[in-house]
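Structure record follows, encoded as structure tokens.
Naming: A, B, ... by sequence-line order, numbering from 1 per chain. Note: hydrogens, waters and symmetry copies are ignored here, and every other heavy atom, side chains too, is used.
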Amino acid sequence: MASTIRVRATVSGDTTEVQALIQHPMDSGFVKDAQGQIIPAHFIQQLTFEHGGRTVFLANWGAAVSKDPYVKFSFKGGAKGDDLKINWMDNKGATDSTTAKIS
Amino acid sequence: MHARHIFLSAIAALVGGVLACVAASAIAAPDKIDPAADAKAFQKYFTDKFPQVKFEDFVNGPYSMNEDMRKQWEEKEQFPPYEFSLEAGKEVFATPFGNGKTYADCFPNGGLGIRQNYPYFDEKEGKVVTLELALNRCREANGEAPYSYVDDEMASLTAYMAFTSRGKPFDIKIPNDPRALQAYENGKRYFYTRRGQLNFSCATCHVQSPGERIRAEVLAPALGILNAMPIYRSEWSGMGTISRRLVTCNSQTRAVPLEPQSDEYRDLEYFLSYVSNGLPISGPGARP
Amino acid sequence: MTCGSPSFSRRLVLQGAGSVALVGLGFGTVPAVAAANDKYPEDAFRQKGDADAIKALYGKTAEASDKVKLDAPEIAENGAVVPIAVATALTAVTSISFLVSENPNALAAFYVIPEGTVPAVANRLKMAKTCNVIAIVESAGKLYSATKEVKVTVGGCGG
């Protein structure tokens with residue numbers, strides 16, 4: 001199955017800009033389905049980005065982050081061709097990870 | 001003064017149900033079907049009403065008319081919410097049917113870069129054929145069950161086909177065939193006819209009031225409205241096809257929606273696409 | 001409606017689910033090289049109001065600062081997807097958080113900013129209704145905030 005994680009990491013000068021989009025329902029636990037039943041909370045809690053064995057960004061998310069969450073940040077020190085490891089875990093313990101190349 | 005005159009003519013056209021030859025009303029006889037003159041007048045109406053909007057920008061719907069919303073959209077487009085659907089569509093498009101054939105075998109140019117030519121008038125059948133319909137016919141011809149016209153699979157496929165056609169201007173042809181002209185005319189009549197408990201026509205919102213808010217939402221101009229299809233709507237938390245959009249348009253005005261890909265909807269799509277000829281395909285799109 | 005009042009039993013369910021995730025963390029699914037404060041701040045995410053969430057998250061209060069640049073729309077086109085970003089000229093930034101004051105749980109996101117990472121984040125948040133969005137930047141151990149009201153006409157809670 002295709003990864004749930006889409007990443008674009010581009011270096012410009014000494015800064016690498018990272019954008020990620022993740023396929024996840026991010027159910028808040030406050031919404032009812034068509035039958036009136038609460039859809040249980042189901043959301044990503046932690047998302048990490050690692051470069052060169054170092055965490056460059058750690059997101060802690062609650063249920064208020066939008067469906068198919070998106071995040072953008074930048075860090076110093078990446079180079080073209082470097083690996084960027086991305087990893088998430090949700091409140092049900094599910095995880096996914098991927099490795100992207102910085103371009 | 002001039003703009004006001006055009007607007008009044010447009011209203012007259014709506015009420016009377018006659019040709020909306022706004023600019024050309026003086027020269028065209030009211031009961032002659034003249035799509036070329038219609039399209040010219042239709043486009044002129046919008047460019048006159050919104051002189052600050054660049055022609056190509058009409059395909060961006062409400063975002064062409066509201067600065068604050070445009071900023072939110074540009075932010076979203078950095079990593080658009082239709083991305084997953086687009087990828088799924090690309091994959092499905094390339095996956096062979098049970099008999100080994102693919103979608104590419106059903107379409108000219110292998111199905112790539114052809115969105116701008118749909119719908120077309122099939123002279124053998126004597127009817128309008130939309131892209132969604134052609135996709136399901138392709139499936140059935142190859143022994144596969146058709147997709148729902150309002151669900152994700154169809155949206156993914158059309159998203160991919162639109163994506164490969166981005167930037168190509170709508171090039172809808174109306175052959176010199178009385179049945180084609182009639183189909184166009186029927187679509188146009190459907191577009192301007194009021195219906196439902198709210199007594200709205202398609203034009204009430206998308207010709208008279210684009211850029212205005214209806215409750216919380218900013219209305220999109222009819223010009224270019226199909227160029228961005230299919231769309232990811234935040235309101236739906238998902239993708240929608242042209243069929244889904246037409247069905248919800250009807251139900252939102254409390255009219256009875258038709259069956260997706262009924263003759264009326266096919267004709268409506270034919271009309272609405274034809275009058276947007278020249279505007280580039282921009283789908284898949286993101287909308288509130 | 002479903003938006004404002006989470007039921008007590010649902011909270012217990014959430015709590016249960018949360019501990020599962022923490023157990024997962026304990027087994028090291030997240031790389032051990034993460035920053036020191038890499039624990040998921042469960043308690044802060046469970047607070048209702050923004051003041052309580054800030055207290056649970058940092059144990060102190062924030063002062064408003066024009067060095068925190070919060071970028072959010074005047075009117076959210078849809079409360080389900082509101083693009084919100086923050087950037088700052090402050091130095092020695094270690095974290096950035098976003099709170100939506102009238103959401104059922106105010107804390108939306110808490111980002112750990114290690115050294116060498118630019119103190120700027122863009123994300124997309126859900127908003128239940130018109131209210132304040134608060135961004136907090138933690139710089140040299142102090143908290144600085146920026147607040148902006150975002151009007152929500154179509155709520156992001158669905159249901």
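- Using bins of under 30°, 30° to 60° and over 60° for the plane-to-plane angle, the ring pair A:Phe57/C:Tyr111 lands in the parallel bin.
- A:Gln46 contributes atom CD, which lies 10.0 Å from atom CZ of C:Phe110 (distance to the nearest 0.5 angstrom).
- Of the two parts of A:Thr15, only the side chain, counted from C-beta on, holds a non-hydrogen atom closer than 4.5 Å to a non-hydrogen atom of chain C.
- Considering OH of C:Tyr40 and CG of A:Leu58, their distance stands at 11.0 Å, rounded to 0.5 Å.
- Listed by first and then second residue, the side-chain hydrogen bond (donor to acceptor under 3.5 Å, both in side chains) pairs that reach into residues 56-71 of chain C are B:Lys71-C:Asp71, C:Tyr58-C:Ser97, sequence neighbours excluded.
- Interface remark: A:Ala34 contributes no atoms to any contact with chain C (heavy atom separation under 4.5 Å).
- Two residues are said to be in side-chain contact when any heavy atoms from C-beta on lie closer than 4.5 Å; C:Arg124 and A:Leu21 meet this criterion.
- Listed by first and then second residue, the salt bridge (Lys or Arg N to Asp or Glu O under 4.0 Å) pairs that reach into residues 85-105 of chain C are C:Glu102-C:Lys129, sequence neighbours excluded.
- Within a 6.0 Å radius of CD in C:Glu115, no more than 12 heavy atoms belonging to other residues, nucleotides or ligands are found.
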Check the pair C:Asn103 / A:Phe30 against side-chain contact (heavy atoms from CB on, under 4.5 Å), numbers first and verdict last. CA-CA 10 Å; C:Asn103 272 2; A:Phe30 297 108; over 6 Å; no

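- Residues C:Asp38 and A:Thr55 form no side-chain contact, since every pair of their non-hydrogen atoms from C-beta on lies 4.5 Å or further apart.
- Pairing each heavy atom of A:Asn60 with each of C:Pro41, the nearest pair is OD1-CD, 3.5 Å.
- For the set C:Ile84, C:Leu125, C:Leu107, the entry with the most heavy-atom pairs within less than 4.5 Å of chain A is C:Leu125.
- Around NZ of C:Lys148, the count of heavy atoms belonging to other residues, nucleotides or ligands within 6.0 Å exceeds 12.
- We find the OG1-CZ distance between C:Thr117 and A:Arg54 to be 6.0 Å, quoted to the nearest 0.5 Å.
- With a threshold of 4.5 angstrom between heavy atoms, C:Val121 approaches chain A through its backbone and through its side chain.
- Applying a 4.5 Å heavy-atom cutoff, the residues of residues 65-79 of chain A that approach chain C are A:Val65, A:Ser66, A:Lys67, A:Tyr70, A:Val71, A:Lys72, A:Phe73, A:Ser74, A:Phe75, A:Lys76.
- With a 4.5 angstrom heavy-atom cutoff, C:Ile113 touches chain A only via side-chain atoms.
- Evaluation of the side chain to side chain contact (heavy atoms under 4.5 Å, CB included) rule for A:Ala9 yields A:Thr16, A:Val18, A:Leu84, A:Ile102 as partners, not counting sequence neighbours.
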